[in-house]
Amino acid sequence: MNTNLGNNFLEVDLSIPKVALVQINRPDAMNALNGEVRRQLAQVFTELSFNDDVNAIVLTGGTKVFAAGADLKEMATAGSTEMLLRHTERYWNAIAQCPKPVIAAVNGYALGGGCELAMHADIIIAGKGAIFGQPEIKVGLMPGAGGTQRLFRAVGKFHAMRMIMTGVMVPAEEAYLIGLVSQVTEDEDTIPTALKMAQSLAKMPPIALQQIKEVALMSEDVPLNAGLTLERKSFQLLFSTEDKNEGINAFIEKRKPTYQGK
Ligand code: HXC
């Protein structure tokens, strides 16, 4: 894929059919998310959203660190107006609005914006040595990319408040227990497990997967009746897909389905 990224902080591996592996590569700064990393993430996720050859995405920081947060050095002298004019919400939105399943494979620190980045994924696979946290309070800040909202919704008030207010570091096993992580693996298995899961998702009917993602994420925003209505409409919509015919026919004919995304 020609990502035309300039100063390249991301590696995009498209060698597995229908799967994209996106790796943040800024090891000198613990993968801290400076503006350029976030711009590149937005660009890559936008391109992958439109790429019909990709059905599932794995996002990782590699085997050592996921991301140690926003780049504190880049924020050190910034004032409110400058921060506002950076419009970083546009970068985050590009990831949040990706219609395809996104799996975060987390090793090492996922702190501040790094934890928030992981929470942009649909599924989080963490190595045993992974550490999650929202330590912004310790530098006089607060979460700024979903930590007060996505974390709250993922783990509930009392776990979220503990993390946000104290900045405590939460190891992978504990993160799993509170619902911040989908699955814990040995550290060396994190990325392979995520890739295997992505390959299996990539074989699922893509329209159905995308409808699931869109409707399920809506449950965080809409009243129950509106969400149930939306779910019913999307469910009904799937009845005009070829993939639904293929899925049910394959079941009846006792064979494996092959989905076309139609
Ligand atoms: C810039 C960072 C960084 C960060 C680490 N580095 N985290 N640079 N921004 N967030 C750099 C260090 O300055 C250092 O560079 C190198 O990476 C290695 O880090 P060390 O601190 O020497 O490593 P270690 O002692 O192992 O400690 C690891 C750590 C610690 C626990 C992750 O670095 C740390 O506490 N980092 C800050 C974590 C944090 O506060 N994150 C939240 C940021 S605010 P040099 O050049 O000295 O070798 C945020 C707001 C989100 O995320 C808002 C929306 C985006």
Side-chain angles (χ1 to χ4, degrees), residues 7-10 22-46 59-98 102 104-121 124 126-155 159-175 180-181 187 190:
N7 185 4
N8 208 337
F9 291 124
L10 293 190
V22 179
Q23 180 170 337
I24 305 166
N25 187 19
R26 202 190 169 209
D28 295 348
M30 295 216 140
N31 286 343
L33 304 167
N34 63 10
E36 185 55 19
V37 175
R38 278 181 267 173
R39 189 192 69 73
Q40 291 180 14
L41 278 168
Q43 184 179 335
V44 162
F45 272 83
T46 302
L59 172 63
T60 188
T63 55
K64 301 269 188 300
V65 59
F66 186 72
D71 191 319
L72 287 170
K73 293 166 190 168
E74 200 181 59
M75 299 196 303
T77 58
S80 303
T81 309
E82 185 182 341
M83 289 303 285
L84 185 150
L85 291 173
R86 287 183 187 178
H87 285 296
T88 52
E89 71 280 1
R90 294 176 190 161
Y91 299 149
W92 294 106
N93 285 345
I95 306 170
Q97 286 165 12
C98 176
V102 178
V106 178
N107 283 314
Y109 292 112
L111 301 179
C115 187
E116 292 168 310
L117 177 61
M119 287 191 289
H120 277 67
I124 301 178
K128 275 185 180 159
I131 292 177
F132 295 80
Q134 298 287 161
E136 291 92 339
I137 187 68
K138 293 182 178 174
V139 292
L141 286 171
M142 63 179 283
T148 62
Q149 305 298 310
R150 289 197 181 88
L151 183 65
F152 212 95
R153 286 161 165 81
V155 304
H159 289 302
M161 285 303 205
R162 173 173 169 256
M163 286 181 70
I164 302 166
M165 288 184 153
T166 71
V168 64
M169 304 261 189
V170 176
E173 301 278 13
E174 187 185 338
L180 177 53
V181 157
D187 286 326
T190 313

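Read the numbers this way: they start at 1 and go in the same order the structure lists the ligands and their atoms. In this text the structure is predicted, and so the values were computed from the model without any measurement.
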Would you say [X]'s side chain and [Y]'s backbone share a donor-acceptor pair under 3.5 angstrom?
{"X": "Thr60", "Y": "Ala105", "value": "yes"}
{"X": "Asn25", "Y": "Phe9", "value": "no"}
{"X": "Glu116", "Y": "Gly146", "value": "yes"}
{"X": "Asp71", "Y": "Ala32", "value": "no"}
{"X": "Asn107", "Y": "Lys64", "value": "no"}

Quiz item: Quick one: which of Gly112, Ala68, Gly69, Pro27 has a heavy atom closest to atom 39 (C) of ligand 1?
Solution: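 The residue whose heavy atom sits nearest atom 39 (C) of ligand 1 is Ala68.
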Quiz item: Evaluating non-hydrogen atoms only, which member of Lys138, Lys73, Met30 is closest to atom 14 (C) of ligand 1?
Solution: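 Answer by nearest heavy atom: Lys73.
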Quiz item: How far does CE of Met163 sit from CD1 of Ile137, to the nearest 0.5 angstrom?
Solution: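 Answer rounded to 0.5 Å: 14.0 Å.
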Heavy atom of protein closer than 4.0 angstrom to [atom]:
{"atom": "atom 17 (O) of ligand 1", "result": "yes"}
{"atom": "atom 34 (C) of ligand 1", "result": "no"}
{"atom": "atom 10 (N) of ligand 1", "result": "yes"}
{"atom": "atom 21 (O) of ligand 1", "result": "no"}
{"atom": "atom 30 (C) of ligand 1", "result": "no"}
{"atom": "atom 25 (O) of ligand 1", "result": "no"}
{"atom": "atom 48 (O) of ligand 1", "result": "no"}
{"atom": "atom 6 (N) of ligand 1", "result": "yes"}

At under 4.0 Å between heavy atoms, is it the side chain or the backbone of [X] that contacts ligand 1, or both, or neither?
{"X": "Arg38", "value": "side chain"}
{"X": "Trp92", "value": "side chain"}
{"X": "Ala70", "value": "both"}

With the threshold set at under 4.0 angstrom, would you say [X] reaches ligand 1 through any of its heavy atoms?
{"X": "Glu116", "result": "yes"}
{"X": "Leu141", "result": "no"}
{"X": "Val139", "result": "no"}
{"X": "Asp28", "result": "yes"}

Out of all atoms in ligand 1, which are within 4.0 Å of some heavy atom of [X]? Include the element for each.
{"X": "Gly113", "answer": "49 (C), 51 (C), 52 (O)"}
{"X": "Ala145", "answer": "54 (C)"}
{"X": "Leu111", "answer": "32 (C), 38 (C)"}

Quiz item: Would Phe66 and Leu111 satisfy side-chain contact (heavy atoms from CB on, under 4.5 Å), going step by step from the backbone distance to the final call?
Solution: CA-CA 8 Å; Phe66 186 72; Leu111 301 179; over 6 Å; no
If you compare all heavy atoms of [X] against all heavy atoms of [Y], which two are closest, and at what distance to 0.1 Å?
{"X": "Val102", "Y": "Leu59", "answer": "CG1-CB, 4.5 Å"}
{"X": "Val65", "Y": "Met30", "answer": "CG2-O, 3.8 Å"}
{"X": "Ala172", "Y": "Phe132", "answer": "CA-CE1, 4.4 Å"}
{"X": "Arg150", "Y": "Met119", "answer": "CD-O, 3.5 Å"}

Quiz item: So which heavy atom in the protein is nearest atom 2 (C) of ligand 1, and how far is it from that ligand atom?
Solution: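 In this structure, atom 2 (C) of ligand 1 has Ala29 O, 3.9 Å as its nearest protein heavy atom.
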Quiz item: Which heavy atom of the protein is the closest neighbour of atom 1 (C) of ligand 1, given with residue, atom name and distance?
Solution: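 Answer for atom 1 (C) of ligand 1: Asp71 OD1, 3.4 Å.
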When only distance counts, is [X] in polar contact with ligand 1, meaning an N/O pair under 3.5 Å?
{"X": "Gly144", "answer": "no"}
{"X": "Pro143", "answer": "no"}
{"X": "Leu72", "answer": "yes"}

Quiz prompt | Check against side-chain contact (heavy atoms from CB on, under 4.5 Å), Val170 and Leu180 | solution = CA-CA 10 Å; Val170 176; Leu180 177 53; 5.6 Å; no
Quiz item: Should the heavy atoms of other residues, nucleotides or ligands under 6.0 Å from CZ of Arg162 be counted, would the total exceed 12?
Solution: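 Counting neighbours around CZ of Arg162, 12 or fewer heavy atoms of other residues, nucleotides or ligands fall under 6.0 Å, so no.
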Practice problem: Go through Leu10 and Leu41 one step at a time and tell me if the side-chain contact (heavy atoms from CB on, under 4.5 Å) criterion holds. | Solution: CA-CA 7 Å; Leu10 293 190; Leu41 278 168; 3.9 Å; yes
Quiz prompt | Candidate pair Met142 and Ile164, rule side-chain contact (heavy atoms from CB on, under 4.5 Å), full reasoning | solution = CA-CA 7 Å; Met142 63 179 283; Ile164 302 166; 5.7 Å; no
